Amino acid sequence: MTTHQQLASPIAPTWCPGCGDFGIWTAFKDAAVQEGWDNTNTVMVAGIGCHGHINNFVKLSSFEGLHGRPLPVAAGIKMANHKLNVFVFTGDGDALAEGGNHFIHAARRNQNLTVILHDNAIYGLTTGQTSPRSPKGFKSKSTPQGNIEEPLQPLSLALTAGATWLARGYAGDIPGLMDLIIRANAHPGFAVIQVLQPCVTFNQVYTHIFFQRNMYRLSKDHDVTSKTAAYAKLLEWGEKQIPIGIFYQVREPTYEEQIKQLAKRTLVSAGAPKRDISRVLKKFI
Ligand SMILES: Cc1ncc(C[n+]2csc(CCOP(=O)(O)OP(=O)(O)O)c2C)c(N)n1
Ligand code: SF4
């Protein structure tokens with residue numbers, strides 16, 4: 001059993017008051033308590049950004065690496081012990097700009113990871129530059145005359161690359177987000193939750209009010225096994241046209257399931273055999 005007291009970190013959150021990261025943090029901890037995630041079965045991996053500070057505010061095993069690189073670290077952890085629940089907390093800058101390559105290939109391999117993409121459509125930590133998610137025309141200190149680029153759609157990208165579980169949630173809907181986090185982790189394969197996460201300090205376009213006015217839940221009739229239906233829904237974005245919920249869910253062999261050496265045991269339980277490497281070392285002396 002995991003309790004909120006056990007997850008409580010001595011470090012208090014440093015996010016700006018009202019930041020959507022608080023909702024993601026709360027939803028994740030609620031999910032951990034409900035599912036019994038603790039240091040024996042769960043690891044958090046984060047990139048660099050405001051989102052990455054989440055590692056400091058939850059008392060679980062965690063790794064915060066280079067900007068854009070949480071996915072390769074998470075993949076390594078999962079390979080060493082595929083029994084662990086491995087969560088990747090990443091930003092839209094982290095996952096889609098510097099980490100774009102890793103995002104595509106982790107999806108293509110269907111690695112059994114849960115990616116929680118804090119999508120505030122801006123570079124928060126570096127004080128509000130335009131990101132690959134910022135809308136066209138978006139004014140920021142890096143695009144003072146308005147962004148001339150089209151935004152990336154991370155879930156369509158992941159779908160094209162080969163991800164097998166895709167959802168969108170909202171940081172202000174904590175019970176809904178908790179449910180998505182639990183389902184994503186239960187899915188065997190590459191699962192992405194795009195979390196609409198207002199940056200109250202630097203993004204005055206994608207605000208809590210904007211999302212609350214324009215979001216709607218995907219209907220029960222949405223066919224989660226259809227790529228075509230998922231693409232159609234993912235094309236929607238605008239006034240009263242931002243669907244949230246599960247877009248896509250299919251069962252395909254995961255990367256780890258296809259590695260024969262992992263079929264019977266984890267790599268970490270196999271241990272490292274003792275080898276005499278003195279002859280090799282002599283060559284370098
Ligand atoms: C290799 C490297 N490149 C760039 C940076 C500078 N940097 C730090 S955070 C960041 C962007 C953060 O934006 P995002 O990933 O969307 O996270 P947020 O802060 O919005 O949560 C950048 C460019 C860095 N720390 N390391
Ligand atoms: S700068 Fe934005 S993303 Fe970062 S803590 Fe403040 S509100 Fe949140």
Side-chain angles (χ1 to χ4, degrees), residues 9 11-29 44-58 62-74 87-104 106-107 113-136 138-144 147 149-155 157-158 168-174 177 181 192-212 237:
S9 155
I11 305 164
T14 48
W15 294 309
C16 310
C19 174
D21 282 334
F22 281 100
I24 301 174
W25 175 61
T26 307
F28 177 71
K29 287 189 300 171
M44 302 167 72
V45 184
I48 302 292
C50 296
H51 64 273
H53 294 167
I54 195 168
N55 278 2
N56 301 324
F57 312 143
V58 184
S62 62
F63 188 98
E64 190 171 353
L66 292 171
H67 180 60
R69 317 287 169 205
L71 272 167
V73 173
F87 291 91
V88 178
F89 297 87
T90 181
D92 46 297
D94 193 64
L96 304 174
E98 280 202 49
N101 184 15
H102 300 303
F103 186 71
I104 291 170
L113 301 169
T114 297
V115 177
I116 300 179
L117 203 166
H118 301 223
D119 183 6
N120 55 16
I122 204 155
Y123 292 172
L125 188 70
T126 46
T127 69
Q129 296 81 7
T130 291
S131 89
R133 282 290 300 142
S134 307
K136 197 159 187 183
F138 186 75
K139 288 194 176 167
S140 75
K141 55 180 69 164
S142 63
T143 55
N147 182 21
E149 299 174 12
E150 288 290 343
L152 255 181
Q153 172 41 264
L155 297 182
L157 180 65
R168 185 184 287 142
Y170 165 53
D173 171 20
I174 291 167
L177 191 53
I181 292 171
V192 185
I193 309 172
Q194 176 191 13
V195 186
L196 306 173
Q197 180 243 312
C199 168
V200 293
T201 303
F202 295 113
N203 193 333
Q204 305 313 322
V205 178
Y206 291 157
T207 59
H208 280 286
I209 288 174
F210 171 87
F211 288 126
Q212 285 171 20
W237 186 272

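Each ligand, and each atom within it, is numbered from 1 in the order the structure gives. This is a predicted model, so every value here is computed, not measured.
The NZ atom of Lys141 sits 5.5 Å away from the CZ atom of Phe202 when rounded to the nearest 0.5 Å. Between the CD1 atom of Ile48 and the CD atom of Glu64 there is a distance of 4.5 Å, given to the nearest 0.5 Å.
For Asn203, no heavy-atom contact with ligand 2 is shorter than 4.0 Å. Contacts of Ile122 with ligand 1, taken as heavy-atom pairs under 4.0 Å, involve the backbone alone.
At a 3.5 angstrom cut-off on N or O pairs, His51 counts as close to ligand 1. Between Asp94 and ligand 1, a contact under 3.5 Å exists for at least one N or O pair. Residue Gly49 places no N or O, backbone or side chain, under 3.5 Å from any N or O of ligand 1.
Not close to ligand 1: Leu66, with no non-hydrogen atom less than 4.0 angstrom away. Within the 4.0 Å heavy-atom cutoff, Gln197 counts among the residues contacting ligand 2.
With Phe89 as reference, Ile54 is the one residue of Val58, Leu117, Val195, Ile54 to meet the side chain to side chain contact (heavy atoms under 4.5 Å, CB included) rule.
Shortest contact from atom 3 (S) of ligand 2 to any protein heavy atom: Asn120 ND2, 3.4 Å. The protein heavy atom nearest to atom 4 (Fe) of ligand 2 is Cys50 SG, 2.4 Å. Of the protein's heavy atoms, Thr126 CG2, 3.6 Å lies nearest to atom 7 (N) of ligand 1. Of the protein's non-hydrogen atoms, the one nearest atom 9 (S) of ligand 1 is Ile48 O, 3.6 Å.
In this structure the side chain of Leu71 reaches within 4.5 angstrom of the side chain of Val88, judged on heavy atoms. Here the side chains of Asp92 and Asn120 are in contact, with some heavy-atom distance below 4.5 Å. In this structure the side chain of Gln197 reaches within 4.5 angstrom of the side chain of Cys19, judged on heavy atoms. A heavy-atom distance below 4.5 Å is found between the side chains of His53 and Leu125. For the pair Pro70/Asp94, a side-chain contact is recorded, criterion being any heavy-atom separation below 4.5 Å from C-beta on. Between Ile116 and Leu177 there is no side-chain heavy-atom pair separated by less than 4.5 Å. Using a 4.5 Å heavy-atom threshold, the side chains of Asn203 and Phe138 count as touching. Contact of the Pro135 side chain with the Tyr206 side chain is registered, since non-hydrogen atoms from C-beta on lie closer than 4.5 Å.
Heavy-atom proximity to Trp15, at under 4.0 Å, picks out these atoms of ligand 2: 5 (S). Which parts of ligand 2 touch Phe202 is read off a 4.0 Å heavy-atom cut-off, strictly below it: atoms 1 (S). Atom numbering of ligand 1 starts at 1 in the shown order; those under 4.0 Å from a heavy atom of Asp92 are 16 (O). Residue-ligand proximity, Val200 to ligand 2, at heavy-atom distances under 4.0 Å covers atoms 7 (S). Proximity to Cys50 (heavy-atom distance under 4.0 Å) selects the following atoms of ligand 1: 18 (P), 19 (O), 21 (O). Interface of Thr201 with ligand 2, defined as ligand atoms under 4.0 Å from a residue heavy atom, comprises 6 (Fe), 7 (S). Annotation for ligand 1: atoms under 4.0 Å from non-hydrogen atoms of Gly91 are 15 (O), 16 (O). Remark: ligand 1 atoms within the under-4.0 Å shell around heavy atoms of Gly93 are 14 (P), 15 (O), 16 (O). Atoms of ligand 1 lying under 4.0 Å from at least one heavy atom of Leu125, given by number and element, are 9 (S), 19 (O). Numbered from 1 in the order shown, with element, the atoms of ligand 1 that lie under 4.0 Å from a heavy atom of Tyr123 read 11 (C), 13 (O), 20 (O).
Distance check for Cys19 against atom 8 (Fe) of ligand 2: an N/O/S atom falls below 2.8 Å. Coordination check, Cys199 versus atom 2 (Fe) of ligand 2: passed, since an N/O/S atom of the residue sits under 2.8 Å. Atom 4 (Fe) of ligand 2 does not have Cys16 among its coordinating residues (no N/O/S atom, backbone or side chain, under 2.8 Å).
Aromatic ring pairs are classed by plane angle as parallel below 30°, tilted from 30° to 60° and perpendicular above 60°; the pair Phe22 and Trp25 is perpendicular. Tyr170 and Phe211 have tilted rings, their planes meeting at an angle from 30° to 60° on a 0 to 90° scale.
For atom 22 (C) of ligand 1, the nearest non-hydrogen atom from the set Glu98, His67, Gln129, Gln197 belongs to His67.
No side-chain donor-acceptor contact under 3.5 Å links Thr143 and Asn147.
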Step by step, work out the side chain to side chain contact (heavy atoms under 4.5 Å, CB included) result for Phe103 and Val192.
CA-CA 10 Å; Phe103 186 71; Val192 185; 4.2 Å; yes
